[in-house]
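Accompanying notes for the structure given below.
Note on naming: letters A, B, ... go to the chains in the order of the sequence lines (proteins, then strands), and numbering restarts at 1 for each one. Heavy atoms only: backbone and side chains are in, while hydrogens, waters and symmetry mates are out. Just so we're clear, the structure is a prediction, and the values are computed from it rather than from any experiment.
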Amino acid sequence: MEEAPKSLNFIEHIIEEDLSNGFLKKNLRFRFPPEPNGYLHIGHASSISLNFGLGLRYSAPVNLRFDDTNPAKEETEYVEAIKKDVKWLGYKWDTERYASDYFQQLYDWAVQLIKKELAYVDSQTSEEMAIQKGTPTEKGTDSPFRNQSVADNLSLFEKMKNGDFKEGTHVLRAKIDMSSSNMLMRDPIIYRILHKAHHRTNTDWCIYPMYDWTHGESDYIEQVSHSFCTLEFAMHRELYDWFLDQVYDETKVRPKQREFARRNFSHTVVSKRKLLKLVEEGVVSGWDDPRMPTISGLRRRGYTPESIKSFAETIGIAKRDNVVDVSLLEFHIREHLNKISPRVMAVLDPVKLVITNYPEGEEEWLDAENNPEDESAGDRKVPFSKELYIEKQDFREEANRKFFRLKVGGEVRLKNGYIIKAESCTKDSDGNITEIQCTYDPKSKSGSGTEESLRKVKGTLHWVSIKHAIASEVRLYDRLFTDETPDAHKDKDYMEFINPESLKVITAYVEPSLKTALPGDKFQFQRLGYFNIDVDSTSDKLVFNRTVTLRDNWAKLQQKN
RNA sequence: UGGCCCAUGGUGUAAUUGGCAACACUGCUGUUUUUGGUACAGCCAUUCAAGGUUCGAGUCCUUGUGGGCCAACCA
């Protein structure tokens, strides 16, 4: 067997090129740098899988670094949630770091910058500074504080640090170039005053470093070789390099920032700000609501780490704008769940079916295969009796021959059971079918090997025995937004596209083998879809989440007509 | 009106770096099937446009066109 050479994405090409230009493989180091201001979402899964995947590919360490420079938004709850999600995905970080670990070093370097006349304290209002900053097409003008003496700058910065000033009264800025075509180079702010307690450093600091000053220097401190971020940071690269130049020591690894396009997904939003709004306004029950595109939401919905990782690998990494269709994610979860989930029978929308020639009071336990895709999954027993539930949709009083299900005068096999024939049905005053009367062929029992049992009938239905079934809560989810790109409309807010039917709660009847199922357990409800037990489930009341439906050619056919 | 980035099927990515446009998803046709599932087979593009370099261009150059990003004491 020849090994097909795996194609590389542009990031991997960059690394391969660095390696062939003499960069030492042992110096490779990556990082995943979330800000703990929200939960990780499916878009982060790409970044996680990129960075940790690179670590695996090159046997290089990957740090988990929290970018915690803004105490106003960041919380320990998010740190814990992020760690849990990364672990759940199956990745191991080399060391757990925090940008806040470097506050002292960052401060010392800032003092150096002032001494080298590369930074100054600006005491104007943010409005004044905004005006001086110019616009993308007009150059900025110098701040009146730009040439303040080193001594004054030093003393003011010291006072900022000591908490002598109110928020917003002073900032430390880098002295670069107010006429640069890159707005970020127009004397960017390095430090601002914030009298807020930080989740790790508490009230030790009254000044906090800005992202640009922090990120590259943190990469440098950790000796990260390649620092990957999303495209909107491309313009920051010039500043990243400028800051690095001020502290760089030739004997060390110089981190390199490169940018890739963030992944967008159809029928949802992936912006922590927008997701937070859904949580705060109660549109969903929390960050882990199964409709949320967060890792924790997907986990609760029934997605597996394997499916998320194979999905991330399939969609890849590139630089162009994109909207990944959710059907691709759904393919990966179906693919995995098809292999691992036990099949069970459950009826979501029941109608009573009576087998008139089946002995009253009799019951038998039939053999049922747990998973046709996995022989080692074994068998189980399911109870059969005279009165059953089947899906309303599986019966029609009359239908054409395209309808492979039950109709009066027609035959169908009950999965793992007998071939039955519908004789009649009864209806209520509104014409709704309330009961179906059938006869069964006692010799047609599945697996019995009789001639009758080998007969081919076109349809096979799932069912549950009414007497044995467990009434359970089932939560049916649909996409959270009705629009393919809810946040891409200039004239409409994404909140206007919320799908009012994204959650439907019903009572369903499941086979008794499910009695002992535990939260997180995954099943295929035959002919319906994949479901998993929700954390709300108790021993008294089972609660299932529908992860995803099975592919359904019949439904497609129906839609066309 | 300045700067930076991007452009390959309906969608997302490839193309041994200049050598027959490939993979997956979706959709559509069939086959198999005690899940209208799964599995299997087949179908769906002259790579944004126009020039140029070259024996040869998705790939290099030029000019357009279209899209994204940049004026938070956010990251």
What is the pairing partner of C23(B), taking Watson-Crick or G-U wobble pairs with both distances under 3.5 Å in any strand?
G12(B)
Separation between the C1' atoms of C23(B) and U1(B), rounded to whole Å
44 Å
Find the distance Phe228(A):CZ to A75(B):C1' and express it as a whole number of Å.
19 Å
For Ser126(A), answer base if it contacts any base atom (sugar-phosphate contacts may also be present), sugar-phosphate if it contacts only those atoms, and nothing otherwise; contact means non-hydrogen atoms under 4.0 Å.
base
Check whether any side-chain nitrogen or oxygen of His13(A) sits under 4.0 Å from OP1 or OP2 of A15(B), and answer yes or no.
yes
If you go through the side-chain atoms of Ser446(A), does one of them form a donor-acceptor pair with the base of U34(B) closer than 3.5 Å?
yes
Give me the distance, rounded to whole Å, that separates G10(B) from G27(B) when you measure between the C1' atoms they each carry.
8 Å
Are OP1 or OP2 of U13(B) and a side-chain N or O of Thr314(A) less than 4.0 angstrom apart?
no
Looking at U33(B), which nucleotide sits across from it as a Watson-Crick or G-U wobble partner, both distances under 3.5 angstrom, or is there none?
none
Would you mind classifying the nucleic acid contact of Asn182(A) as base, sugar-phosphate or nothing, using non-hydrogen atoms under 4.0 angstrom?
nothing
When you check the glycosidic angle of U17(B), does it come out syn, meaning within 90° of 0, or anti?
syn
State which of G37(B), G36(B), U11(B) makes the closest approach to the side chain of Arg405(A).
G36(B)
On the nucleotide U34(B), are OP1 or OP2 found under 4.0 Å from the side-chain N or O atoms that Lys415(A) carries?
no
Which nucleotide, A75(B), G36(B), U38(B), lies nearest any side-chain atom of Glu373(A)?
U38(B)
Taking OP1 and OP2 of C74(B), is either one under 4.0 Å from a side-chain nitrogen or oxygen of Arg192(A)?
yes
Expressed in whole Å, how much space separates the C1' atoms belonging to A57(B) and U62(B)?
15 Å
Rounded to whole angstrom, note down the C1' distance from C20(B) over to G58(B).
14 Å
Can a donor-acceptor pair be found between the side chains of Thr268(A) and Arg479(A) at a distance below 3.5 Å?
no
Out of U34(B), G36(B), C74(B), whichever nucleotide has its closest atom nearest the side chain of Glu35(A):
C74(B)
Using Watson-Crick geometry (N1-N3 plus N6-O4 or O6-N4) or G-U wobble (N1-O2, O6-N3), each under 3.5 Å, U53(B) is paired with none
Measuring only the C1' atom in each nucleotide, how far is U33(B) from A41(B)? A whole number of Å is fine.
16 Å
For G36(B), does OP1 or OP2 lie under 4.0 Å from any side-chain N or O of Lys458(A)?
no
His462(A) and Arg343(A): side-chain donor and acceptor closer than 3.5 Å?
no
Can you measure Gln257(A) atom CD to C5(B) atom C1' for me and round it to whole angstrom units?
13 Å
Would you say the side-chain atoms of Glu259(A) and Gln257(A) include a donor-acceptor pair closer than 3.5 Å?
yes
Side-chain N or O of Arg334(A) less than 4.0 angstrom from OP1 or OP2 on G37(B)?
no
Starting at atom CD1 of Ile340(A), determine the distance to atom P of U38(B), rounded to an integer number of angstrom.
16 Å
5'-most by nearest nucleotide on RNA chain B - Leu328(A) or Ser453(A)
Leu328(A)
Residue matched to C69(B) through Watson-Crick or wobble contacts both under 3.5 angstrom:
G3(B)
Select one nucleotide: of G27(B), G36(B), G2(B), the one nearest the side-chain heavy atoms of Lys556(A).
G27(B)
If the cut-off is 4.0 Å, is Lys139(A) near the phosphate of G2(B), judged by side-chain N/O to OP1 or OP2?
no
Under 3.5 Å, is there a donor-acceptor pair linking the side chains of His336(A) and Ser310(A)?
no
Between Arg527(A) and Thr460(A), does any side-chain donor sit less than 3.5 Å from a side-chain acceptor?
no
Quote, to the nearest angstrom, the P distance that separates G9(B) from C48(B).
7 Å
Without decimals, in angstroms, what is the distance between Glu313(A) CD and G12(B) P?
19 Å
With respect to the side chain of Trp554(A), which nucleotide from G3(B), A71(B), G36(B) is positioned closest?
G36(B)
Can you check the distance between C74(B) and G37(B), where both ends of the measurement are the C1' atom (answer in whole Å)?
47 Å
Inter-nucleotide C1' distance (U17(B), A75(B)), Å rounded
36 Å
Using 30° and 60° as the class limits, which term best fits the ring planes of Trp287(A) and Tyr78(A): parallel, tilted or perpendicular?
perpendicular
Against the side chain of Lys319(A), the closest entry in C74(B), C6(B), C73(B) is C6(B)
Which residue, Phe243(A), Tyr107(A), Trp242(A), forms the ring-ring contact (aromatic ring centres under 6.0 Å, His included) with Trp213(A)?
Phe243(A)
Aromatic ring pairing Tyr418(A)/Tyr440(A), orientation class (parallel under 30°, perpendicular over 60°, tilted between):
perpendicular
Is there, by distance only and without an angle test, a donor paired with an acceptor across the side chain of Glu138(A) and the base of U1(B) below 3.5 Å?
no
If you check every side-chain atom of Arg263(A), which of C73(B), G37(B), G12(B) has the closest atom?
G12(B)
Go through C70(B), A75(B), U13(B) for me and flag the one nearest to the Asn322(A) side chain.
U13(B)
From NE2 of His332(A) over to P of U13(B), roughly how many Å is that when rounded to an integer?
13 Å
Proximal nucleotide (of G36(B), C73(B), U13(B)) relative to the Phe403(A) side chain
G36(B)
I want to confirm an ordering. Mapping Glu232(A) and Asp212(A) to their closest nucleotides on RNA chain B, which one lands closer to the 5' end?
Glu232(A)
Any donor-acceptor pair under 3.5 Å joining the side chain of Arg551(A) to the base of G36(B)?
no
Would one find a side-chain N or O of Arg527(A) under 4.0 angstrom from OP1 or OP2 of G36(B)?
yes
Quick check on G37(B): is either OP1 or OP2 less than 4.0 Å from any side-chain nitrogen or oxygen of Asn553(A)?
yes
Using the rule given for side chain to side chain contact (heavy atoms under 4.5 Å, CB included), can you reason through Tyr530(A) versus Lys522(A), listing the C-alpha separation, both sets of side-chain angles and the distance that settles it, and then say yes or no?
CA-CA 7 Å; Tyr530(A) 296 98; Lys522(A) 296 166 174 58; over 6 Å; no
Would you kindly give the NZ-to-C1' distance between Lys445(A) and U34(B), to the nearest whole Å?
15 Å
My understanding is that a pair needs two contacts under 3.5 Å, Watson-Crick or G-U wobble. By that rule, which nucleotide pairs with C28(B)?
G42(B)
For the residue pair Tyr303(A) / Glu330(A), report whether a side-chain donor-acceptor contact shorter than 3.5 Å exists.
no
Which nucleotide sits closest to the side chain of Phe331(A): C73(B), G37(B), A24(B)?
A24(B)
Without decimals, in angstroms, what is the distance between Phe311(A) CZ and U11(B) C1'?
11 Å
Establish, with yes or no, whether the OP1 or OP2 oxygen of C5(B) is under 4.0 angstrom from a side-chain nitrogen or oxygen of Arg262(A).
no
Who is the Watson-Crick or G-U wobble partner of G18(B), with both distances under 3.5 Å?
none
According to a strict under-4.0 Å criterion, is Arg343(A) in side-chain N/O contact with OP1 or OP2 of U34(B)?
no
